[in-house]
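First the structure, in the form of structure tokens, and then the observations on it.
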Protein chains: 2
Amino acid sequence: MAVTIEDVARRAGVSRGTVSNVLNRPEVVLEATRARVLEAMRDLDFIPSQPARMLGGLRNRSIGLVMHDVGHPFFAEIARGVEDVVTREDYVLTLTSTRDDAERERSSLRLLIAQQVSGILLIPTASGAEDLRQVRERGVAAVLLDHEGGANECSVAVDDIRGGIAATQHLLGLGHRRLAFVGGPTRGRQHSDRLSGMRSALASSGGRGRPAVHVVAVPADTIACGEEAARTLLGSSARRPLPTGILCGNDLLAIGLMRGLSSAGVSVPDDVAVVGYDDIELATLVGTPITSIRQPMYEMGHTAAELLLSEIHDRNHTHRNVRFVPELVVRESTVRP
Amino acid sequence: MAVTIEDVARRAGVSRGTVSNVLNRPEVVLEATRARVLEAMRDLDFIPSQPARMLGGLRNRSIGLVMHDVGHPFFAEIARGVEDVVTREDYVLTLTSTRDDAERERSSLRLLIAQQVSGILLIPTASGAEDLRQVRERGVAAVLLDHEGGANECSVAVDDIRGGIAATQHLLGLGHRRLAFVGGPTRGRQHSDRLSGMRSALASSGGRGRPAVHVVAVPADTIACGEEAARTLLGSSARRPLPTGILCGNDLLAIGLMRGLSSAGVSVPDDVAVVGYDDIELATLVGTPITSIRQPMYEMGHTAAELLLSEIHDRNHTHRNVRFVPELVVRESTVRP
DNA sequence: TTGAAAGCGCTAACAG
DNA sequence: CTGTTAGCGCTTTCAA
């Protein structure tokens, strides 16, 4: 069915070995024969089989990306960054979504190993990040994404604590004192870091007896959950006064929250200031553009992919833990223009 | 480095052939030996090499998706639909972006063939859709996505002409008579079909001497281009009165257009009614929610993947050209609530 | 510089 | 039911 190296060899009147040489070490074969072989390849439209090459000892030009969900703009943008460098290097990108399920993460990793990808980029689930050791033991390069790694591995992350601090300082600076955090387990470590940042900023702001951050837990990072959080907040406002400054674990939550608040007649930013997280494009486009903590998603994907390729190719590769610094972007959800 | 079938065989005290059998035809091997082999596999954490299996005659459990850009919500959503069925069937998804470049499309296809994927889902570039024949000649199953196919192939598309008609009838029904279309070459056939639909709805609406649709060409399907289109329209409004009903080739353009118009003091929908296309989530979230033509993106991906898998597995697969009917969703960009 | 041959990890006959 | 064997398409020695 497919045309093989054998066919090319026959047509060019050489041996398989020679054809293989023009593929892999063109410099050792005589100009004239090389030309002949190349022509035969073109005539036959020969595409060498990667799987076969691998068995013959070459590395597969393919890398895997394991993430929560392509449909979420945050991950999609990371994927774009990855894809661009992978494509430039003539690699192919295989991606799998975990839906933040540790089970699926494990099986994704196995599938990728079975495919013999030469490297894996992992955005770990809340529970995950452990499984990578097994991956590495099998000789597959791996870098952690959106999660700080150890000294013996590469990783690309964003400093979520600083993000939480920046958001909080902004809110404090605007005079807000009753603060809340809307977040959930879905991207576990990230959210808890952001909350820690919030608490530490609050603590170091010097106030004594300041009330703790009111935490509204949500089951997922979605707009619907944000709306739900608004209802929760509103519902309990009889017992406890509504917070005036709210940080959300991501922009989608912020959008939902704002929608929920405004449909109950609460004005943003006049009654409540809301800060989102991620700074996806959407944050700039909604009715009241959202103040957010920008994460360099494309760059994260880009950087991680380059680290991975370096780990695959460079003999003297040294591990790096890259930590991007998030950036506060002020918009109308906290400050009236 | 990796543990092979040989290692498993040795540890279980059987031959390679037997191990292979428990992998591929477990029913032929004795319960007891099977248990022993399975145990050995578990002990060694054996993951069979897909590439090696392929050479041995099996199909690769991997399919390729070729699209314009993962970063665009329209494509991301299609990818999700694909991914869900692919994962369910224990396949792996390899994806490549073309950025709507025919060259890149061709090279993507070659890369996927080289990887020996067992099937390809192609969202063709404006120029593309031809190259699939070559793919099929190499024995790789393929289905066209977002593009109507011929009788000898499977395809999943949406009826863009009807979409254009629906949008236009809506605008006409609201009393708009000066109509415009903002669209571009980026997704060539789609946009021109939508425009055709617009013209045909206009023609069959019975009016005589009705002015033609004013077409504003844009170079890409982006928010920025939409804003640019607004400027163009506004700039020429001295010579030619502003249209009162505008259909955009996609939602991103509509968002940009509306932004451009409103920053020039033109009110949507009071002065101009705007209809978008695709109905991405974003369309519902912007300041003035956008009336749009909904395309079932997730379902498209889902359906296409199932057709592809059927083509791969079912001996008596028959080709199908699925054509979804788009649906008008009315929101505030055309009708004040 | 080129050809011949061995082998990569696995599957699929075919004997036994 | 299980072991043996011959490939799958390619790379990589090693001789010639």
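Residue numbering restarts at 1 for every chain, and letters A, B, ... go by the order of the sequence lines. The figures here come from the full heavy-atom set of this structure, side chains too, leaving out hydrogens, waters and symmetry mates.
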Listed pairs under 3.5 Å, donor-acceptor, residues 47-54 of chain B side chains, sequence neighbours left out:
unit_1	atom_1	unit_2	atom_2	d
B/Ser49	OG	B/Ala52	N	3.2
B/Gln50	NE2	B/Asn60	OD1	3.0
B/Arg53	NH2	B/Asn24	OD1	2.8

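- Minimum interatomic distance between B/Ile120 and B/Leu308 (heavy atoms only, all atoms of both residues): N-CD2, 3.8 Å.
- Among residues at least two apart or in separate chains, ring pair (Phe, Tyr, Trp, His ring centres under 6.0 Å) pairs with a member in residues 89-110 of chain B are B/Tyr91-B/His313.
- Shortest non-hydrogen contact noted between A/Met67 and A/Ala79 is CE-CB, 4.0 Å.
- For the atom pair OG of B/Ser155 and CG of B/Leu307, the computed distance is 8.5 Å after rounding to the nearest 0.5 Å.
- Smallest separation of non-hydrogen atoms from A/Val29 and A/Thr18: CG2-CG2, 4.4 Å.
- Residues of residues 37-45 of chain B that place a heavy atom closer than 4.0 Å to DNA chain D do not occur.
- To the nearest 0.5 Å, atoms CE (B/Met300) and CZ (B/Phe74) are separated by 4.5 Å.
- Annotation: the terminal axes of the helix from C/dT1-D/dA16 to C/dG16-D/dC1 meet at 40°, where each axis is the rotation carrying the C1' atoms of four end pairs onto the next four (5 pairs per end, rounded to 10°).
- For A/Glu103, the CD atom counts as loosely surrounded, since its 6.0 Å shell holds 12 or fewer non-hydrogen atoms of other residues, nucleotides or ligands.
- Bracketed by its first and final contacts, the part of DNA chain C lying under 4.0 Å from non-hydrogen atoms of chain B reaches from C/dG9 to C/dA12 in 5' to 3' order.
- No side-chain donor from either of B/Asp160 and B/Gln190 sits under 3.5 Å from a side-chain acceptor of the other.
- A salt bridge (Lys or Arg N to Asp or Glu O under 4.0 Å) with B/Asp131 is found for exactly one of B/Arg104, B/Arg110, B/Arg106, namely B/Arg106.
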For nucleotides 4-14 of chain D, give me one character per nucleotide, 5' to 3': B if any protein heavy atom sits under 4.0 Å from the base, S if the only such contacts are to the sugar-phosphate, - if neither.
BBB-BBBBB--
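- Here the rule is side chain to side chain contact (heavy atoms under 4.5 Å, CB included) with B/Glu311, and of B/Glu153, B/Glu306, B/His317, B/Arg320 only B/His317 fits it.
- Listed for the A/Arg138 side chain is no donor-acceptor partner under 3.5 Å among the backbone atoms of B/Ala2.
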